[in-house]
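Report on the structure given below.
Counting starts at 1 for both ligands and their atoms, in listed order. Just the heavy atoms: all of them, side chains too, but no hydrogens, waters or symmetry mates, feed the values below.
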Amino acid sequence: MLEVRSLSKIYGLRYALKDVSFVAQPGRVLGIFGPNGAGKTTLVRILAGQVRPTAGTVSFFGRQASGDEPEVRRHIGVVGHHTFLYDDLTAVENLRFYCRMYGLRLGESELLARLEEVGLASRAHEPVRYLSRGMQQRLALARATLHNPEILLLDEPYTGLDQSAVALLDSLLARERLRGHSTLLVTHDVEHGLQLADDVLVLVQGRITASGPAQQFSADSVTSFYQSQGEEAR
Ligand code: ATP
């Protein structure tokens with residue numbers, strides 16, 4: 001379980017996040033929506049240990065995290081704006097590198113099976129720089145889930161994916177739910193996001209302006225929160 005309490009982040013004089021609190025429950029997908037600049041990526045980066053909050057706490061399974069500790073990293077998988085892939089290494093070499101980082105002992109055939117899952121088996125031995133953007137995003141998904149993390153942080157993970165990869169990611173989220181893992185999904189595709197989410201969080205100018213079970217929201221109601229609360233949140 002992931003618990004966020006009174007999280008704030010200030011850049012210069014501006015709050016990127018202000019007093020954000022929520023819980024991401026096991027076996028559920030939390031859809032995070034909000035307009036440009038709402039603080040979604042800042043939130044994901046703080047949870048991933050890439051950025052330090054100005055105030056507030058983040059706890060994983062009841063243990064407060066203070067940054068990018070290896071024991072925290074083992075529990076989380078991140079797909080963000082950056083793929084965290086090494087261009088000069090091949091697809092399989094990238095996975096091997098991350099295995100070492102996570103202390104995993106996965107053999108070559110297991111790594112190839114992971115690439116097969118994301119439709120990249122035939123490109124396993126090509127340097128990442130030769131893969132298309134969507135292929136790199138597929139590989140980023142394989143990398144992020146390599147260590148079977150209990151918490152998955154996905155910031156616009158559908159970017160660049162074709163229809164078959166979208167279906168693949170949808171089924172990956174369903175699998176994570178069945179495994180009792182928590183997923184945080186940031187997306188601008190509100191309609192698709194609502195189909196996948198169990199719970200919803202709407203951020204506007206760094207603050208939570210709406211939250212609750214996904215059934216309580218429609219795509220229109222989510223986007224109307226962006227507009228109607230935007231001025232108030234300033
Ligand atoms: P988008 O939907 O456009 O990706 P977002 O909701 O992910 O937006 P963030 O990227 O978290 O928003 O940005 C929130 C606010 O924090 C914005 O005002 C942004 O300009 C500011 N911000 C983010 N990162 C930095 C930084 N490194 N330095 C200064 N300001 C920053």
*Provide the number and element of each atom of ligand 1 under 4.0 Å from a heavy atom of Ala38.*
5 (P), 6 (O), 12 (O)
_Side-chain donor/acceptor of Lys40 to backbone N/O of Gly206, under 3.5 Å_ = no
*Flag atom 23 (C) of ligand 1 as yes if some protein heavy-atom distance to it falls below 4.0 Å, otherwise no.*
yes
_Is it the case that the side chain of Ser221 and the backbone of Phe217 share a donor-acceptor pair, with hydrogens and angles ignored and the cut-off at 3.5 Å?_
no
*Could you state whether Phe84 and Leu153 fall into the same hydrophobic cluster, counting links through intermediate Ile, Leu, Val, Met, Phe, Trp or Tyr residues with side-chain heavy atoms under 4.5 angstrom apart?*
no
*At under 4.0 Å between heavy atoms, which part of Arg14 makes contact with ligand 1: side chain, backbone, both or neither?*
side chain
_When you compare the side chains of Arg138 and Ser164, does any donor N or O come within less than 3.5 Å of an acceptor on the partner?_
yes
*Under the 3.5 angstrom rule, does the side chain of Thr54 hit a backbone N or O of Ile10 as a donor-acceptor pair?*
yes
*Do Asp170 and Gln195 come close enough that some side-chain heavy atom pair is under 4.5 Å?*
no
*Of the side chain and backbone of Glu156, name the one, both, or neither that has a heavy atom under 4.0 Å from an atom of ligand 1.*
neither
*What residue and atom, counting heavy atoms only, is the protein's closest point to atom 6 (O) of ligand 1, and at what distance?*
Lys40 NZ, 2.7 Å
*Would you call Val79 and Asp155 a side-chain contact if the rule is heavy atoms closer than 4.5 Å?*
no
*Starting from atom 8 (O) of ligand 1, locate the nearest protein heavy atom and write down its residue, its atom name and how far away it is, to 0.1 Å.*
Gly37 N, 2.8 Å
*Would you mind finding which of Asn36, Leu17, Ile46, Thr41 brings a heavy atom closest to atom 7 (O) of ligand 1?*
Thr41
*If you have a sec, work out which protein heavy atom is nearest atom 13 (O) of ligand 1 and how many Å separate them, to one decimal?*
Thr42 OG1, 3.8 Å
*asked:* Yes or no: does Pro35 have any heavy atom under 4.0 Å from an atom of ligand 1?
replied: yes
*Pick one: which of Gln216, Gln215, Arg28 meets side chain to side chain donor-acceptor pair (under 3.5 Å) with Asp199?*
Arg28
*Side-chain donor or acceptor of Glu93 paired with backbone N/O of Thr90 under 3.5 Å*: yes
*For atom 27 (N) of ligand 1, what is the nearest protein heavy atom, given as residue, atom name and distance?*
Tyr11 CE2, 3.6 Å
*Hey, which atoms in ligand 1 end up nearer than 4.0 Å to a heavy atom of His188?*
2 (O)
*asked:* Could you check whether any heavy atom of Gly34 sits closer than 4.0 Å to an atom of ligand 1, since that is the contact criterion I want to use?
replied: no
*Do any N/O atoms on Ala16 end up under 3.5 angstrom from N/O atoms on ligand 1?*
no
*Would you kindly confirm whether Val200 and Leu185 end up in one hydrophobic cluster when ILVMFWY residues are joined by side chain heavy atoms under 4.5 Å apart?*
no
*4.0 Å protein heavy-atom contact status of atom 20 (O) of ligand 1, strictly under*: no
*Write out the residue and atom name of the closest protein heavy atom to atom 12 (O) of ligand 1, then the distance separating them to 0.1 Å.*
Gly39 N, 3.2 Å
